[in-house]
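Quick notes on the structure that follows.
So you know, we letter chains A, B, ... as the sequences are listed, proteins then strands, and number each from 1.
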2 protein chains.
Amino acid sequence: MSDAAPGTPTPPPPSPWERERPARARVAAARTPLSRGRIVEAAFTVLDRQGLDRLSMRQVAAELGVTVSALYAHVSSKDDLLELMYTRLFDGFEPPAPDPERWQEEVREYARSGRRRLLSHRDMARISMAHVPFTAELLPHVEALLAVFRTAGLPDRIAAEAGDLISTYIDGFAVEEGMWRDRAAQQGGESSSPARPDWREMADEMRNYFASLPAADFPHLRALAAVMVTDSSDERFDIGLEIILRGLASYLPDPAARAGADVSRASDAG
Amino acid sequence: MSDAAPGTPTPPPPSPWERERPARARVAAARTPLSRGRIVEAAFTVLDRQGLDRLSMRQVAAELGVTVSALYAHVSSKDDLLELMYTRLFDGFEPPAPDPERWQEEVREYARSGRRRLLSHRDMARISMAHVPFTAELLPHVEALLAVFRTAGLPDRIAAEAGDLISTYIDGFAVEEGMWRDRAAQQGGESSSPARPDWREMADEMRNYFASLPAADFPHLRALAAVMVTDSSDERFDIGLEIILRGLASYLPDPAARAGADVSRASDAG
DNA sequence: ACCTGAACACCGTTCAAGT
DNA sequence: ACCTGAACACCGTTCAAGT
């Protein structure tokens, strides 16, 4: 690094491992004027690097090579910035087109893509959980989800609650995933990056913990250890989703319309 | 305030409205030795007064009439303190006794009392959401809940997910309730205390907002406005809970065992 | 018009020193 | 044994001043 020939000071290459410092950003983008968009962008960078608890206005400013106070000309507060990040999460989201024949599949796609979006940035689920999609930009998304439930034939009271229930499930599940991710990353130390923690090691440890419990006091936890903690949580997400979908389907007034409910899987789920 | 007769400086009476300052606590309890229990107690007082975002070690210390650094002899960090608060939430919790005949009613009671506990302290749901009940003290509660699902006859994979799903629902619902509570309190200003915000005013405003949306773009939101935002959220909580319970019931291998599921309500829910 | 510098009122945590 | 005081390295936000 420091043994370059004098006169030709080769700057260290910006490697992805050198993540703890805002490096060349402050010179490269120094003359580009600030904007809400660039601030949000920088905030996501800091978020992924530091996590929500260490996402500060000062860190964002540093990332942009700018003073903290400069941010306040474009963003009214940290809360404002967080709301912008929340809103950006829905960018490019294509609302489902309501189709009574396949409403369950549409909800599945909505939920899975929602989870994917939340997982694409560190602690994003915690930010999502702290906000409500009732702003002018986000209301169309709520409308689209309600349209799916309502045109499927669900009673109004159920349709109204279903939107909340699904959203809460997605956020809550992703928040929990984030917690395990953090735990695995801080435990794995240097061997695993925060983006790709070693699940397997942590999952093994968890299963061992459950298996070590006294059999007399924890028969059910011991019996369920293997299915409770899995290497991938995709399957677990789908199971919870399916439970909700079946519950919703049970409210369809016309029993024939419940055909979409995959009740046949009931027996092979154990 | 400043026109008291000279020589008789009457101190202002400690009124319950003057909540922003830790008043006589610092003299009354000054000589009682510190303990984890007393620190947690003080933390709850600060939490209810200031909310989680302004709950600080310094505020807790002030509440106890003690220096910040004194706390660190009994509590290893702020996270440690938050975990103690989370654990205390389960104090006096009586686990449900598994009974296949009435497992749904047991889950309802569990969920309702869980919500009540979360609502008994400001922002408690946010604290709960950030923790996982896998400590030695809390594991018996998890075991009890799993016992209910498993002895009811649910397949293992479903039972394992059901615990998570119900807990996430309770926490998520209560987090959202807290958000509306905060919003109502800060909007109501002086007229309503943070403990008893005026729901009605806020609910009216919300319904008006939905009603004012263009009918062409938001037909479903307009149609559901009345059922989406209600004066009390008790009913909404029960509906979401019922959706989950019905979904779970659909996995019971023996159809006769599903008798507990109150499917008859399907038609009058709209 | 856009940003800087300095300031204000806070944070969590540590540690030598007092009693 | 238990607590204090001072310090360190941070926060969000404001505002006069510079260019």
Side-chain angles (χ1 to χ4, degrees), chain A residues 20-22 25-43 45-47 49-86 123 126-127 130-131 182 186, chain B residues 19-22 25-43 45-47 49-86 123 126-127 130 182 186:
Chain A
E20 286 303 327
R21 260 169 297 199
R26 81 175 58 197
V27 293
R31 289 303 100 197
T32 318
L34 272 184
S35 68
R36 288 166 79 86
R38 284 191 59 223
I39 293 174
V40 172
E41 216 58 46
T45 305
V46 175
L47 181 69
R49 193 169 54 211
Q50 323 250 118
L52 181 58
D53 292 330
R54 296 214 293 256
L55 168 64
S56 69
M57 298 299 276
R58 292 176 133 96
Q59 295 286 328
V60 173
E63 181 66 29
L64 290 161
V66 128
T67 326
V68 216
S69 43
L71 302 179
Y72 286 88
H74 304 86
V75 138
S76 68
S77 66
K78 188 181 179 182
D79 276 347
D80 185 26
L81 175 55
L82 287 171
E83 190 167 319
L84 287 174
M85 297 172 80
Y86 172 64
D123 288 341
R126 280 171 64 195
I127 295 179
H131 291 86
D182 287 351
Q186 99 182 67
Chain B
R19 325 172 79 166
E20 288 304 326
R21 262 169 297 197
R26 80 176 57 199
V27 292
R31 289 302 102 192
T32 318
L34 232 41
S35 69
R36 288 165 80 86
R38 283 191 62 223
I39 292 175
V40 172
E41 215 58 46
T45 305
V46 175
L47 180 69
R49 194 171 52 211
Q50 324 248 121
L52 181 58
D53 293 329
R54 298 214 292 256
L55 168 65
S56 69
M57 298 299 277
R58 294 176 132 96
Q59 294 287 329
V60 174
E63 182 66 30
L64 291 161
V66 130
T67 325
V68 216
S69 43
L71 301 179
Y72 286 87
H74 304 87
V75 137
S76 68
S77 67
K78 187 182 179 181
D79 276 348
D80 185 26
L81 175 53
L82 287 171
E83 190 167 320
L84 287 174
M85 297 172 79
Y86 172 63
D123 288 339
R126 281 171 61 194
I127 295 179
D182 286 351
Q186 100 182 66

Protein and nucleotides 17-19 of chain D: nitrogen or oxygen contacts under 3.5 angstrom:
none

Item to check | Value rounded to 0.5 Å, distance of CD1 in B:I39 from CG in B:L34 | outcome: 4.5 Å
Checklist entry - Rounded to whole angstroms, how far apart are CZ on A:R54 and P on D:dG12? => result 13 Å
I'd like a table of atom pairs between the protein and nucleotides 6-8 of chain C - only N or O on both sides, under 3.5 Å - with the distance next to each one.
none

Next on the checklist: Quick check for you: to the nearest 0.5 Å, what is the distance between B:R126 atom CZ and A:R126 atom CZ?
Outcome noted: 9.0 Å
Side-chain polar contacts of residues 69-77 of chain B - donor-acceptor pairs under 3.5 angstrom, sequence neighbours left out - could you list them?
residue : atom : partner : partner atom : Å
B:S76   : OG   : B:D80   : OD2          : 3.3
B:S77   : OG   : B:D79   : N            : 3.4
B:S77   : OG   : B:D80   : N            : 3.1

Checklist outcome for this item: Taken to the nearest 0.5 Å, the spacing of B:T67 OG1 from B:R58 CZ works out to 10.5 Å
Item to check | Pair A:R54 + A:D123: basic N to acidic O under 4.0 Å | outcome: no
Next on the checklist: Testing the basics here: between B:R38 and B:T32, what is the closest heavy-atom pair and its distance to 0.1 Å?
Outcome noted: NH1-O, 2.9 Å
Item to check | Closest non-hydrogen atom pair, A:A43 against A:V60 | outcome: CA-CG2, 3.9 Å
Checklist entry - Looking only at side-chain N and O atoms, does A:Q59 come under 4.0 Å of OP1 or OP2 in D:dC11? => result yes
Next on the checklist: Among residues 71-82 of chain A, which ones have heavy-atom contacts with DNA chain D below 4.0 Å?
Outcome noted: A:Y72, A:S77, A:K78
Item to check | For atom CD of B:Q50 and atom P of C:dC10, their distance in whole Å | outcome: 11 Å
Checklist entry - Which ranges of DNA chain C pair up as stems, where a stem means three or more consecutive Watson-Crick or G-U pairs with both distances under 3.5 Å? => result C:4-8 with D:12-16, C:12-16 with D:4-8
Item to check | Closest-nucleotide 5' rank along DNA chain D - winner of A:A70 and A:S56 | outcome: A:S56
Checklist entry - Which atom pair, heavy atoms only, marks the closest approach of A:K78 to A:S56? => result NZ-CA, 4.5 Å
Checklist entry - What residues form a salt bridge (Lys or Arg N to Asp or Glu O under 4.0 Å) with B:E83, not counting sequence neighbours? => result none
Item to check | Euclidean distance, atom CG of residue A:D53 to atom P of D:dC10 [Å, nearest integer] | outcome: 16 Å
Item to check | Interatomic distance, A:R38 CZ vs C:dC3 C1' [rounded to whole Å] | outcome: 13 Å
Checklist entry - Quick one: does A:Q50's side chain get under 4.5 Å of A:L55's, heavy atoms only? => result no
